[in-house]
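For reference, the structure discussed in these notes is given below.
Residue numbers run from 1 in the order of the sequence given. Every number for a ligand or one of its atoms is a count from 1 in the order of the listing.
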Amino acid sequence: MSFEWRIKTILIVILAAVMTIASFQLYHHRHYMVPVVAGPGVTKVAKLSQFCSELKGTAADTNVFFLEGKEKGGKMLIIGNTHSNEPVAILTALIFVENAVVDKGTLIVIPQFNNSGGRNTKPGDGYPLYFAIDTDWGQKKFRMGNRNASPLDQWPDPDVYIHYPEKQLLSYLDIRNTNRTWPGRPNGPLMEKVTYAAMQILREEKVDMALDIHGAETMFPVTNCIVAPEKSMRIATLTSLTAKAMERFDNHVEPSPSGFRGLSHREIGDYSDTMPFLIEAPVPFLDQPTGPKTVDLLLNGQDPFLLSLAKKGKLFVPYNESGWPMAKRVGQHCSVILELMRQFSRKFPERAIKVRQVPRYAEVVKNGVGHYFHNPQKASKDRIYYE
Ligand SMILES: [Zn+2]
């Protein structure tokens with residue numbers, strides 16, 4: 001064998017080894033299931049495919065938890081992991097699923113809205129595949145997902161994504177982004193089916209408020225805020241002011257732009273009777289000028305590069321050595337959701353939604369996020385669901 005072929009053979013063997021190891025890791029990540037303990041308030045668990053049969057048997061099908069109160073009232077849909085690289089969303093949604101007790105009205109929670117994105121990763125950015133939250137009974141391990149659905153589940157991408165039905169031209173990648181495919185259609189690409197199914201829940205169940213949970217870069221102005229269209233603006237503003245006065249955290253209101261299509265806070269309002277809200281918490285992990293994308297950065301949000309940028313006034317949120325711990329982000333989201341509910345119930349008492357046993361900001365910061373997750377080993381088998 002010539003010297004050149006010897007080198008080539010060695011390189012092929014190294015490449016094959018790397019590919020084999022990586023494919024096992026990615027296969028495990030895609031199939032790893034997170035157990036969820038349905039809390040005392042959960043009265044039934046449906047599948048998203050029950051609202052759009054075209055989703056049945058696909059990687060986009062996902063759990064829909066119903067928490068129905070004894071007394072009739074209003075209804076709220078809570079959506080987590082529209083973007084699965086913003087794990088503050090699934091953590092907040094699961095606190096509601098595992099703890100909330102509804103006295104009046106109904107809560108509907110979809111913790112893993114983009115189930116395909118939740119099983120995807122971003123190798124080019126060196127995302128960790130998993131992260132773990134400390135609980136009172138050990139660690140609870142979650143998958144770290146990606147912003148968009150996996151090309152394994154929806155492919156190929158077009159050169160340009162033409163939004164349905166508004167025909168706005170969007171980036172090709174956004175065809176796999178479940179915050180660009182609203183209001184969706186049953187015969188469109190997979191992510192349009194996902195948003196269509198959610199629209200069917202809103203229409204069939206006559207849902208009053210829809211809440212899409214997110215997180216965003218600290219260098220992006222639309223962060224630490226509630227995004228609301230005209231019809232939701234009053235409730236959002238009262239919520240923001242109350243959170244600032246009573247719980248001492250900032251959460252400003254951003255208007256939903258009417259010319260930017262496909263987003264939940266725009267299309268839900270325009271294509272149903274529901275009032276939409278999108279809530280954002282800062283996610284330093286998503287900023288570009290940071291150190292390595294470690295689990296520590298994901299959970300604590302401490303980064304020396306962001307700290308120096310904060311001193312130069314380049315960030316849109318307060319930032320110091322303590323970073324942005326996950327408990328602070330999840331706590332803010334819990335409080336904002338509860339306050340949106342309270343403000344809505346004051347304005348429309350006949351459609352009130354009354355919920356107990358969900359912690360507010362100060363409690364989550366004090367006790368940690370994991371304190372509100374229950375041990376699946378100790379729960380009865382028929383209360384365990386997998387995300
Ligand atoms: Zn997002």
Side-chain angles (χ1 to χ4, degrees), residues 60 62 77-94 109-122 125 127 131 142-150 161 163 170-171 173-184 191-192 194-195 198 210-229 232 236 251-257 260-269 276-288 290 293 297-299 301 315-317 324 326 328-330 332-334 336-337 340 387:
T62 192
L77 172 67
I78 299 175
I79 297 172
N81 274 20
T82 288
H83 293 144
S84 304
N85 60 341
E86 299 158 10
V88 61
I90 192 168
L91 297 176
T92 306
L94 290 181
V109 188
I110 310 176
Q112 181 77 41
F113 189 52
N114 189 344
N115 190 50
S116 167
R119 296 167 191 284
N120 191 13
T121 184
K122 202 174 180 189
D125 271 17
Y127 276 20
F131 64 94
F142 292 86
R143 292 181 312 275
M144 172 66 180
N146 196 7
R147 181 175 170 87
N148 298 326
S150 168
Y161 162 39
H163 175 262
L170 298 167
S171 156
L173 263 182
D174 280 333
I175 201 161
R176 286 186 278 119
N177 174 352
T178 39
N179 202 26
R180 294 297 182 276
T181 58
W182 295 90
M191 293 305 115
E192 284 191 7
V194 168
T195 50
L211 204 126
D212 190 8
I213 315 174
H214 287 253
E217 295 87 339
T218 62
M219 295 183 75
F220 184 55
V222 187
T223 191
N224 217 22
C225 64
I226 309 168
V227 189
S232 317
N251 212 250
H252 70 279
V253 177
E254 288 276 343
S256 163
F260 190 7
R261 307 309 309 196
L263 294 110
S264 61
H265 53 75
R266 171 50 45 197
E267 308 298 351
I268 288 175
F277 302 85
L278 184 150
I279 57 175
E280 299 272 14
V283 183
F285 180 92
L286 295 178
D287 281 292
Q288 279 310 319
T290 67
K293 303 291 186 192
L297 175 60
L298 182 67
L299 295 179
L315 307 190
F316 287 91
V317 295
W324 263 91
M326 188 60 89
K328 214 170 133 174
R329 295 175 239 166
V330 172
Q332 282 195 187
H333 276 345
C334 286
V336 168
I337 296 171
L340 285 168
E387 292 294 342

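- Note on ring orientation: taking the six-membered ring where Trp is involved, the planes of H83 and H214 are perpendicular (angle over 60°, cut-offs 30° and 60°).
- Judged by distance alone, with hydrogens and angles left aside, the side-chain atoms of N114 form no donor-acceptor pair with the main-chain N or O of N148 at under 3.5 Å.
- Residue K293 comes nearest to D125 through the heavy atom pair CG-O, 3.3 Å, listed as atom of the first residue, atom of the second, then distance.
- Distances under 2.8 Å from the Zn ion (ligand 1) pick out the protein N/O/S atoms H83 ND1, E86 OE1, E86 OE2, H214 ND1.
- A side-chain donor-acceptor contact under 3.5 Å links N85 and Y127.
- Two rings, from W182 and F113, have their centers less than 6.0 Å apart.
- The minimum heavy-atom distance between G80 and A89, with the atom names listed, is CA-CB, 4.0 Å.
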